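In what follows, chains carry the letters A, B, and so on, assigned in the order in which the sequence lines appear, proteins first and then strands, with residues in each chain numbered from 1. Computed from a predicted structure; not experimentally measured.
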There are 2 protein chains.
Amino acid sequence: MRIEDEIKQPTFRDEYQKAIINLVYTTGWLQLRQATAFKTFGLTLPQFNILRILRGQHPLPATVALLIDRMLDKTSNASRIVDRLEEKKLVTRTVCPANRRAVDIRITPAGLELLKTIEDSGLMEKNGTQFLTPDEARQLNALLDKIRTEDGDGATLHQPSCE
Amino acid sequence: MRIEDEIKQPTFRDEYQKAIINLVYTTGWLQLRQATAFKTFGLTLPQFNILRILRGQHPLPATVALLIDRMLDKTSNASRIVDRLEEKKLVTRTVCPANRRAVDIRITPAGLELLKTIEDSGLMEKNGTQFLTPDEARQLNALLDKIRTEDGDGATLHQPSCE
DNA sequence: TGCAAATTTATGTACATACATTTAATGTTG
DNA sequence: CAACATTAAATGTATGTACATAAATTTGCA
């Protein structure tokens with residue numbers, strides 16, 4: 001369904017403004033669907049992502065600093081997400097012996113098992129991108145990368161400078 | 001910069017998984033930049049969006065139900081966003097005389113002036129899409145619309161059914 | 001009319017985000 | 001070594017999201 005119909009706004013200033021709205025709306029749509037699915041396993045999306053980072057380290061521990069470095073959203077509060085996972089016995093927290101400022105965080109067997117259950121459920125594949133061809137997925141990746149162009153100074157602009 | 005480098009993950013299962021991560025990451029990147037800019041005007045993104053809907057209605061009032069209908073995120077809590085705008089004297093709330101269950105919400109002159117100040121600042125145009133050509137913006141819109149295909153039953157899939 | 005159902009908004013709770021501040025441990029330097 | 005800076009994590013506060021529930025009003029129908 002076209003974004004115009006989804007949000008009942010028949011016209012946009014231009015394709016650029018429409019693209020912004022469409023990005024925010026589509027990502028929200030996608031995350032809502034994923035969050036709903038994860039809820040049946042008692043996890044939120046950030047909790048799931050932290051759990052996967054911890055499995056990537058397993059059997060080595062991770063520190064909060066490492067989690068922040070690997071997280072998609074750097075500004076979120078890893079400490080409190082780990083709190084929730086610890087309450088559910090999916091991770092453990094122990095003071096790092098080598099540096100008592102740091103905390104070693106490890107995924108538990110229960111955590112590993114939960115990840116496997118979720119991944120075996122096929123939940124992760126139902127995310128909307130299955131409606132794209134492989135070439136379209138590549139195009140989408142290229143366009144998104146281009147949006148995040150850093151504009152230190154005058155990178156090639158395609159919008160008229162007057163508005 | 002490629003998403004692989006942004007999040008320091010050299011490989012993905014496939015272009016589909018990469019596209020999902022890229023969507024979430026790029027939208028977060030975009031919203032963080034926009035939110036930071038709006039903060040200099042004392043507004044959050046949801047507050048700004050509500051304010052624009054109210055201007056669209058002006059001088060007629062809107063109800064909370066209308067705001068929810070027009071909002072990008074239907075499940076967020078319009079009541080409390082209006083609370084914040086009311087505290088800042090950017091909107092008014094009065095019980096609707098015709099239906100005392102409903103509440104008439106109106107943008108104030110200060111609210112209209114703030115919107116104009118923000119829009120005149122050119123803040124809204126610096127959102128990343130200026131690095132796309134008009135044709136690329138159109139492509140992006142088409143791809144995003146395709147992701148939100150409703151799969152009542154077997155819409156055309158492009159991923160192998162086995163995994 | 002009278003009472004149940006529906007509607008409209010507000011409130012409560014759990015979690016997350018964004019950012020400032022605090023606490024504790026470690027490094028550094030005079 | 002003592003004073004100060006730096007680092008790592010936790011905590012505090014304001015806001016927003018997601019969802020359940022409450023409160024007030026209106027509607028509809030027996």
Side-chain angles (χ1 to χ4, degrees), chain A residues 24-25 27-51 61-69 71-88 90-105, chain B residues 24-25 27-51 61-69 71-88 90-105:
Chain A
V24 172
Y25 181 83
T27 303
W29 177 93
L30 202 148
Q31 295 200 107
L32 180 57
R33 284 165 57 109
Q34 291 202 313
T36 303
F38 279 115
K39 195 157 47 183
T40 64
F41 296 102
L43 284 186
T44 64
L45 278 173
Q47 288 168 17
F48 175 73
N49 287 324
I50 293 274
L51 225 41
T63 61
V64 169
L66 183 143
L67 294 179
I68 292 171
D69 186 56
M71 284 168 71
L72 288 190
D73 187 344
K74 309 293 186 201
T75 68
S76 80
N77 200 323
S79 262
R80 279 186 274 233
I81 299 174
V82 172
D83 286 348
R84 309 278 135 68
L85 293 171
E86 196 183 14
E87 286 163 15
K88 292 175 210 162
L90 300 173
V91 310
T92 59
R93 238 197 295 224
T94 55
V95 171
C96 170
N99 179 349
R100 300 223 316 268
R101 280 173 307 189
V103 172
D104 282 342
I105 304 161
Chain B
V24 173
Y25 181 82
T27 303
W29 177 91
L30 202 149
Q31 294 200 108
L32 180 57
R33 282 165 58 107
Q34 291 202 314
T36 302
F38 279 115
K39 195 157 47 181
T40 64
F41 297 101
L43 283 186
T44 64
L45 278 173
Q47 288 169 16
F48 174 72
N49 287 324
I50 293 274
L51 225 41
T63 61
V64 169
L66 183 143
L67 294 179
I68 292 171
D69 185 58
M71 283 167 72
L72 288 190
D73 187 342
K74 309 294 186 199
T75 67
S76 81
N77 200 325
S79 262
R80 277 187 273 233
I81 299 173
V82 172
D83 285 348
R84 310 278 135 68
L85 293 171
E86 197 183 15
E87 286 162 15
K88 292 176 210 164
L90 300 173
V91 309
T92 60
R93 239 198 294 226
T94 55
V95 171
C96 171
N99 179 349
R100 301 223 314 267
R101 281 172 307 188
V103 172
D104 283 342
I105 303 162

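- Atom NZ of Lys74(B) and atom P of dG16(D) are 18 Å apart (whole Å).
- In this structure, Arg80(B) places its CZ atom 11 Å from P of dT13(C), rounding to the nearest Å.
- Taking only side-chain atoms of Pro46(B), from C-beta outward, the nucleotide of dG16(D), dA8(D), dT9(C) with the closest atom is dG16(D).
- In this structure, Asn99(A) places its CG atom 11 Å from C1' of dA9(D), rounding to the nearest Å.
- For the pair Leu43(B) and Leu90(B), the minimum side-chain heavy-atom distance is below 4.5 Å.
- When rounded to the nearest whole Å, the span between CG of Asp69(A) and C1' of dA9(D) equals 16 Å.
- Under the 4.5 Å side-chain criterion, counting only non-hydrogen atoms from C-beta, Thr63(B) is not in contact with Cys96(B).
- A donor-acceptor contact under 3.5 angstrom links the side-chain atoms of Asn77(B) to the base of dT11(C).
- Counting non-hydrogen atoms under 4.0 angstrom, Ser76(B) reaches the backbone sugars and phosphates but no base.
- When rounded to the nearest whole Å, the span between CD1 of Ile68(B) and P of dC19(D) equals 14 Å.
- At whole-Å resolution of the value, CD in Gln34(A) and C1' in dT17(D) are 16 Å apart.
- Rounded to whole Å, atom P of dG16(D) lies 13 Å from atom CD of Gln31(B).
- Between Ala102(A) and Met71(B), the residue anchored closer to the 5' end of DNA chain D is Ala102(A), taking for each the nucleotide with the nearest heavy atom.
- Among the nucleotides dC19(C), dA25(C), dT11(D), the one closest to the side chain of Thr75(A) is dC19(C).
- Between Asn49(A) and Met71(A), the closest side-chain pair of non-hydrogen atoms is not below 4.5 Å.
- Looking only at side-chain heavy atoms (C-beta outward), Thr36(A) and Leu32(A) come within less than 4.5 Å of each other.
- Closest to the side chain of Arg93(B), from the set dA25(C), dA16(C), dA10(C), is dA10(C).
- Counting non-hydrogen atoms under 4.0 angstrom, Arg84(B) reaches the backbone sugars and phosphates but no base.
- One finds no side-chain N or O of Thr36(B) lying less than 4.0 angstrom from the OP1 or OP2 phosphate oxygen of dA18(C).
- For Asp83(A) and dA10(D), the CG to P distance is 7 Å, given to the nearest whole Å.
- Looking at Pro97(B) and Asp104(B), their side chains come closer than 4.5 Å, going by heavy atoms from C-beta outward.
- If you check every strand for non-hydrogen atoms under 4.0 Å, Asp73(B) touches sugar and phosphate atoms only.
- Of the two residues contacting DNA chain D, namely Lys39(A) and Thr44(B), the nearest-nucleotide position lying further toward the 5' end is that of Thr44(B).
- The side chain of Arg101(A) has dT7(D) as its nearest neighbour among dC15(C), dT7(D), dA18(D).
- The closest donor-acceptor contact from the side chain of Lys39(B) to the backbone of Thr44(B) lies at 3.5 Å or more, if one exists at all.
- Among the protein residues, Leu45(A) comes within range of no part of the nucleic acid, since none of its heavy atoms lies under 4.0 Å from any strand.
- Among the nucleotides dA16(C), dT15(D), dA9(D), the one closest to the side chain of Gln47(B) is dT15(D).
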